[in-house]
Amino acid sequence: MNMLKLSWKYLVAKPLNTGLNILLLALGLAIITVLILIQDQFENKMTKDAEGIDLVVGAKGSPLQLILSSVYHIDYPTGNIDMEEAQSLSRNRLVKNIIPLGMGDNYQGYRIVGTNHDYLELYKAEIEMGEVWRKPFDVVLGAVVAEKLNLKVGDSFIGSHGIGSSSHEHDEHPYKITGILAKSSNVLDNLILTSIESVWYSHDEGHDHDKFEADVTTSGFPPADEDREVTSLLLQYRNPMAAVQLPRFINSRTSMQAASPSFEISRLFELLGVGVKLIQGLAFAIIVIAGLGIFIALFNSLKERKYDLAVMRTLGASSLQLFIHIVLEGIILTFIGALLGIAIGHLFLAVLVMQNEQGAISGLSAAVFLREELYIIGYAIAVGFIASLIPAWTAYQTDIAKQLTKS
Amino acid sequence: MLSVKNIKFQYDAQNSFQIPDINLKAGEQLLILGKSGSGKTTILNILGGLLKPDSGEVKLGDTLVNQLSGAKLDKFRGKHIGIVFQKPHILAPLTVEDNLRLANYFVGAKGERNLELLKELGIYNKRKSKVTTLSEGEAQRVSIARALANHPQLILADEPTASLDDENAAIVIKLLQEQAQKFNAALIIVTHDQRVKDHISNHIIMGGKS
Ligand SMILES: Nc1ncnc2c1ncn2[C@@H]1O[C@H](COP(=O)(O)OP(=O)(O)OP(=O)(O)O)[C@@H](O)[C@H]1O
Ligand SMILES: [Mg+2]
């Protein structure tokens, strides 16, 4: 027998009360756990995906939409831009590197992105099997795409117009898989990569077999055989000066728009932050209620337990031990509540991720544990301590003789 | 071994008590009889260190009980004084055996005698039960076992037979006497129950309020 066991015995003697208090607290903490997990991974993922991209240039429209569609591949593109105009940018001395992107097709919901090999280099992507694309209609699959669609090197498929999975199929030229990327835990995992030429030719009317046999461009812009368009450009600055001049120049002097990923993303988080704050507030309210519940439960049980406490004193327990006895009850309750809450939070996130295989949260993992979760446990224990303080003080002051003579 | 001298105590102006001096050697037994309201529980509480007398001294062994306070008093009480109440007051969330172990824990005793004690009191096969499943007589025996779990030098019993029938009352008194004898402890039983008189010859009568 020890203090912990004693408090535990008193808790399990009232399973309903104890269970409800634990559950209420666990719910509040689960919400906070999910928020922390999502926020942390989301921010990490978002910053990681935008690394090395100083500016995105695309058709005029919403800058956030441009970033979401061109960097994270989650929203629809703002439109296409003329390639000649785009190409003129690459001659600007403030520009270090430009990667063109061409979008518009998908296969089973996974976006087919036309680009060049610089894009792979930008993310330091590694080929797991096969090799990179060399000819039109050669594609390289992201690791998740290959795994989810069960495709291998050498397989071919026919893409569909549009970037959502419901769009209609091309009846023309099939894509051939030449390589599969190693898993990188970034946006590439969910993409099907190919050359700009593939995207162009798949939308062309006629079949020009000579073109289909020619090698594709691996860096820079492909030579235009007619009036061509691309969707957007990922751009790196040559010097800090560019950050000041280039966006202003593009936005005012061209028919394109420039958007900075870091700026748009922090704006997005600000917008989301309001919602997060709201949910956080709700979770804190639940936790306060849970704390009150524990306080009330302990305080009420004290009335029936004063006699027990007096008996313990006659058995040799000191006032301090009674104090500890009650405080331990609060702490055990909240400690279990915290563990349960964290478990529920992770479980909830796991279910969420499983149900959103292609969405923005598909890349999140429920199996990540953060230091903040330790804080949750500490925080919960503090709640238990505070909630049990007054009841414990009452127990501390129990007048034994009076209690024993009473009933 | 137990000596009580010149104890005066009052709750308030109307309730003041003059308590007779008591001298008991180890192994001796004393019955304190008195009407309801005569101050029997009060005197027991003073002897057990649950109430502080206004004056006088309670000495157990070499220790002046009335001069101890705080945790020291609690530990001394737990170690050396076993108290049996009118109602059993077993801690309901714990099993019979754990009630004894808790008494051991509070004073840091090992409790090697617990099972033997339960056997002698005829409640060994109930040791894993919760108190709610015990009969009144069984429960009273558990409270005796618990009071004895730490080998007290002094056993105080407040109307231990009040709610028991003749047969059980006799059993409980006999058990208290046997155990006190076995461990050479002083035994004081406080009661208005005349049945107990047949078992203990040494008795004093509380005069009531002075
Ligand atoms: N805490 C208290 N404050 C004031 N008066 C009290 C208190 N406790 C007891 N008394 C009074 O002291 C007197 C003696 O009480 P006590 O409990 O010692 O009697 P008792 O002899 O044990 O009676 P009973 O046989 O009914 O148990 C009673 O008149 C009671 O009302
Ligand atoms: Mg009484």
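This one's a predicted model, so the numbers in the text were calculated from it and none came from an experiment. Both backbone and side-chain heavy atoms feed into the values below; hydrogens, waters and symmetry mates do not. Order of the sequence lines sets the chain letters (A, B, ...), proteins ahead of strands, with each chain counted from 1.
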More than 12 non-hydrogen atoms from neighbouring residues, nucleotides or ligands closer than 6.0 Å to [atom1] on [X], yes or no?
| X | atom1 | value |
| --- | --- | --- |
| B:F76 | CZ | yes |
| B:D62 | CG | no |
| B:K174 | NZ | no |
| A:K9 | NZ | yes |
| B:F183 | CZ | yes |
| B:K182 | NZ | yes |

Exercise for review: Go through the atoms of B:L102 and report whether side chain, backbone, both or neither lie under 4.5 Å from a heavy atom of chain A.
Suggested key: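 Both backbone and side chain of B:L102 come within 4.5 Å of chain A.
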Revision key, fill the gap. Applying a strict 4.5 Å limit to non-hydrogen atoms, the region of B:A149 in contact with chain A is neither
First locate atom [atom1] of [X], then atom [atom2] of [Y], and finally report the distance between them rounded to the nearest 0.5 Å.
| X | Y | atom1 | atom2 | value |
| --- | --- | --- | --- | --- |
| A:L404 | B:L51 | CG | CG | 9.5 Å |
| A:M3 | B:F106 | CE | CZ | 5.5 Å |
| B:D98 | A:L6 | CG | CG | 9.5 Å |

Is there a side-chain contact between [X] and [Y], using heavy atoms and a 4.5 Å cut-off?
| X | Y | value |
| --- | --- | --- |
| B:R77 | A:L315 | no |
| A:D308 | B:P93 | yes |
| B:L91 | A:Y307 | no |

Review point. Quick one: what part of A:I400 sits under 4.5 Å from any heavy atom of chain B, side chain, backbone, both or neither?
Key: side chain
Which pairs would a plain distance check flag for residues 384-394 of chain A, meaning a side-chain donor or acceptor within less than 3.5 Å of a matching protein atom at least two apart in sequence or in another chain?
from, atom 1, to, atom 2, distance (Å)
A:S388, OG, A:G384, O, 2.8
A:S388, OG, A:F385, O, 3.1
A:W393, NE1, A:Q397, OE1, 3.3
A:T394, OG1, A:I390, O, 2.8

Point to revise | Flag, side chain of B:K75 to backbone of A:G316, donor-acceptor distance under 3.5 Å | key: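 Indeed, once roles are kept as given, a pair shorter than 3.5 Å links the two residues.
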Review point. Are the side chain of B:R101 and the backbone of A:N2 linked by a donor-acceptor contact shorter than 3.5 Å?
Key: no
Point to revise | Option that, when pairs with chain A are counted at under 4.5 Å, heavy atom only, ranks first among B:L94, B:V107, B:T42 | key: B:L94
Practice item. Considering non-hydrogen atoms only, spot the tightest contact between B:N45 and A:A401 and give its length. Key: ND2-CB, 4.0 Å
Review point. If you look at every heavy atom in A:M1 and B:Y105, which pair is closest and at what distance?
Key: O-CD1, 3.0 Å
**Study point:** For A:F369, all residues meeting ring-ring contact (aromatic ring centres under 6.0 Å, His included), sequence neighbours excluded
**Key:**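 Partners of A:F369 by the ring-ring contact (aromatic ring centres under 6.0 Å, His included) criterion, ordered by chain and then number, come out as A:H346.
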